[in-house]
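To start, the structure under review is shown below, and the notes come after it.
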Amino acid sequence: MKPTFTEKLLEWNNAQNTRSMPWKGEKDPYKIWLSEIILQQTRVEQGLAYYEKFIAAFPTIQQLAKAPEKKVFKLWEGLGYYTRCRNLIATAQIVVKDHKGKFPRTYDQIKELKGIGPYTAAAIASFAFNEPRAVVDGNVQRVMARYFGISTPIDTTSGKKLYQELATALLDTEQPGIYNQAIMDFGAVICKPQNPLCSVCPQQADCEAFKHDLVKQLPVKEKSLKKKERWFYYFIIQYQSKFYIRERTDKDIWQSLHEFVLYETDTPVQSIFQDLPFLKTLFGKQSYSVSHISKVYHQQLTHQLIHGQFITVTTVKPVTALKDYVLIDKKQLKQYAFPRIINTFLEEKSSLAQLF
DNA sequence: AATCCGGGGAT
DNA sequence: ATCCCAGGATT
C-alpha cells in the first residue's frame, strides 16, 4: 500500500494532467536517452526544437554514431553545456560498437555510459524498460521538500541522499515510468518554483509547507555561486576572403566551439587603439589595418560574465605568428559552431556589412 | 565537498 | 538582477 501522496499524484495524472511532449510514452530507448540528455538543466520549451532537429537528422543511434562531430555540434549550437554533446557522440559510438547498437537495459549498465548520472539512468530505465527506479530532478526535490516540509538543502550530499530515498519510497513500482513522468509534470505544472498553484493542488491538505506557510521558503539551497568577469577581445582578421578561427580545446567554457583570434584580460583595456599591444606583437613589422571596432557585447554564464568586443582587421599577408588558428573561407564559417556572443555579433547587420 | 559547465525565460 | 531549468563531471 503506497502512501496517499502517490495515490493522489496518479489520480491527478489520470484526470487532470494534460501536459504533452513528443517523447512522452516513447519506448525507443534511443529517443528517450536523446530527449533526457537535451533536457538536462534545460527547459522543455527550449529543448523541444533541438530534439526535433536531432531526430530528423539522426533517426537512429547508428546514424548519430557515424555522423561527423562537426555536424553534431552545429546542431547542438546554442543549447549550452557542450560536454553533453561530446558525451552524446561518445555514448552513441559506444552503444553501437560495444553493445551492437542495442541500448543497455538496466539502470546499472545505463549509468555507466558517459553523460548519464542517477537521474538520466533512472529516467531511461523506468521509461523504456519499466525498471522501478525513482527519478530525482529539480521538480521532484521541490515537490518533496514542500510536501514533507523538509529544510535539508537540496545541494548537499546528505540532501541528495535523503531526497533519493524519499523518492524511492514513494515510487509506484508497478508503473514506475508513469509515476516518474507524473511527479515531474506535477512539479512543472502545479508545484512550480514561483507562484505554485496551491489553491487547486490535490495534495494541499497533506502538504506540510502549505500548512505552515513555508511554500515560498522551500526548497532550501545552500550554496550561492561566485561569479567572475572576463574580457574577450576578438580580432576578426581577414586575409583575402578568409578568417582565422580555432577550436576551443582548453578546460574552460565553450570547449569544442570555435572562435576568432582571442586576446583575453581580467580587466577591461583602457583603449583598444592605444593600449592593445596584442596586435603589434601579432603582426610585428607586417602591415595591417583596423576597419571596425564593435560595441561591447555581454554574455551571462552561470559562473562568469563575459564582456566581448570585436575588432575587424585586414591584412595582405598571412599572419605567421598565429598558432592553432586556421584560415577559413567566409563562406565556410556557418558550418562551425560558435558561442552565442560571437553569433550575436555575426548576426547583426552592421557586422555583416563589415565582413561580407 | 566544492566547483564548473550555457543559454533562456520568468519574476 | 536573480532564480531555475527532466544534471553530470571533475577536482
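Basis for what follows: all heavy atoms, side chains included, without hydrogens, waters or symmetry-related copies. Quantities reported herein were computed from a predicted structural model and do not represent experimental measurements. Chain letters run A, B, ... following the sequence lines, proteins first, then strands; residues in each count from 1.
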Note to self: What I want to check is whether an N or O donor and acceptor connect the side chain of T42(A) with the base of dG7(C) at under 3.5 Å.
What the structure shows: no
Next item on the list: Taking only the side-chain heavy atoms of Q46(A) (C-beta and beyond), determine which of dG8(B), dC5(B), dA6(C) contains the nearest atom.
Entry: dG8(B)
Notebook entry, point to check: Between atom CZ in R86(A) and atom P in dG8(C), what is the gap in whole Å?
Noted result: 16 Å
Next item on the list: Round to the nearest Å and state the distance from I32(A) atom CD1 to dA6(C) atom C1'.
Entry: 13 Å
Note to self: Assuming nearest nucleotide by heavy-atom distance, tell me which of K160(A) and T302(A) is located more 5' along DNA chain B.
What the structure shows: K160(A)
Checklist line | Distance in angstrom units between K228(A) NZ and dC5(B) C1', rounded | finding: 13 Å
Note to self: In this structure, is the centre-to-centre distance between the rings of W254(A) and Y82(A) below 6.0 Å?
What the structure shows: no
Check: Closer than 4.0 Å, any side-chain N/O of Q304(A) to the OP1 or OP2 of dC5(B)?
Finding: yes
Checklist line | Closest to side chain of Y81(A), choosing from dC5(B), dA9(C), dC5(C) | finding: dC5(B)
Note to self: Between C1' on dG7(C) and NZ on K111(A), what's the gap in Å once rounded to a whole number?
What the structure shows: 12 Å
Margin query: In this structure, how many angstroms lie between the C1' atom of dA6(C) and the CD1 atom of I178(A), rounded?
Written below: 17 Å
Next item on the list: Write down the distance separating the P atoms in dG8(C) and dG8(B), rounded off to the nearest Å.
Entry: 22 Å
Note to self: Testing the 3.5 Å rule here: is there a donor-acceptor pair between the side chains of R86(A) and Q255(A)?
What the structure shows: yes
Check: Just checking I37(A): base, sugar-phosphate only, or nothing, at a heavy-atom cut-off of under 4.0 Å?
Finding: nothing
Item checked: For DNA chain B, the residues among residues 117-129 of chain A that have a non-hydrogen atom under 4.0 Å from it -> none
Next item on the list: Nearest whole angstrom, please: distance from the C1' of dA2(B) to the CG of D155(A).
Entry: 10 Å
Check: How do L113(A) and W23(A) order along DNA chain C: which one's closest nucleotide is nearer the 5' end?
Finding: W23(A)
Note to self: Distance check needed: dA6(C) C1' versus N17(A) CG, whole Å only.
What the structure shows: 14 Å
Checklist line | Within 45° cone and under 6.0 Å: K70(A) NZ/CZ vs Y336(A) ring | finding: yes
Notebook entry, point to check: Say you pick atom P in dA6(C) and the same atom in dT11(B); how far apart are they, in whole Å?
Noted result: 14 Å
Next item on the list: Compare side-chain N and O positions of Q41(A) against OP1 and OP2 of dG7(C) and report whether any pair is under 4.0 Å apart.
Entry: yes
Notebook entry, point to check: Do Y297(A) and F310(A) have ring centroids that are under 6.0 Å from one another?
Noted result: yes
Margin query: Would you say CD of Q300(A) has more than 12 non-hydrogen atoms from neighbouring residues, nucleotides or ligands within 6.0 angstrom?
Written below: yes
Next item on the list: Using only side-chain N and O atoms of K114(A), determine if any of them is under 4.0 Å from OP1 or OP2 of dG8(C).
Entry: no
Note to self: Using a heavy-atom cut-off of 4.0 Å across all strands, would you classify D252(A) as base, sugar-phosphate, or nothing?
What the structure shows: sugar-phosphate
Check: Taking 4.0 angstrom as the limit, do D185(A) and K24(A) come out as a salt bridge?
Finding: yes
Notebook entry, point to check: Any Lys/Arg nitrogen of K74(A) or E69(A) sitting under 4.0 Å from an Asp/Glu carboxylate oxygen of the other?
Noted result: no
Find every protein N or O atom lying less than 3.5 Å from an N or O atom of nucleotides 1-4 of chain C, and list the pairs.
{"residue": "dC4(C)", "atom": "O2", "partner": "R43(A)", "partner atom": "NH2", "Å": "2.6"}

Item checked: Donor + acceptor pair across side chains of Q63(A), T60(A) (<3.5 Å) -> yes
Notebook entry, point to check: Would Q203(A) and D206(A) count as having a side-chain donor-acceptor pair, cut-off 3.5 Å?
Noted result: no
Checklist line | Nearest-Å distance for atom pair CD/P, residues E77(A) and dG8(B) | finding: 11 Å
Next item on the list: Evaluate the side-chain proximity of R230(A) to H307(A): yes if any heavy-atom separation is below 4.5 Å, no if none is.
Entry: no
Item checked: F260(A)/Y325(A) aromatic ring centres below 6.0 Å -> no
Notebook entry, point to check: Under 4.0 Å between a side-chain N/O of R340(A) and OP1 or OP2 of dG8(B), yes or no?
Noted result: yes
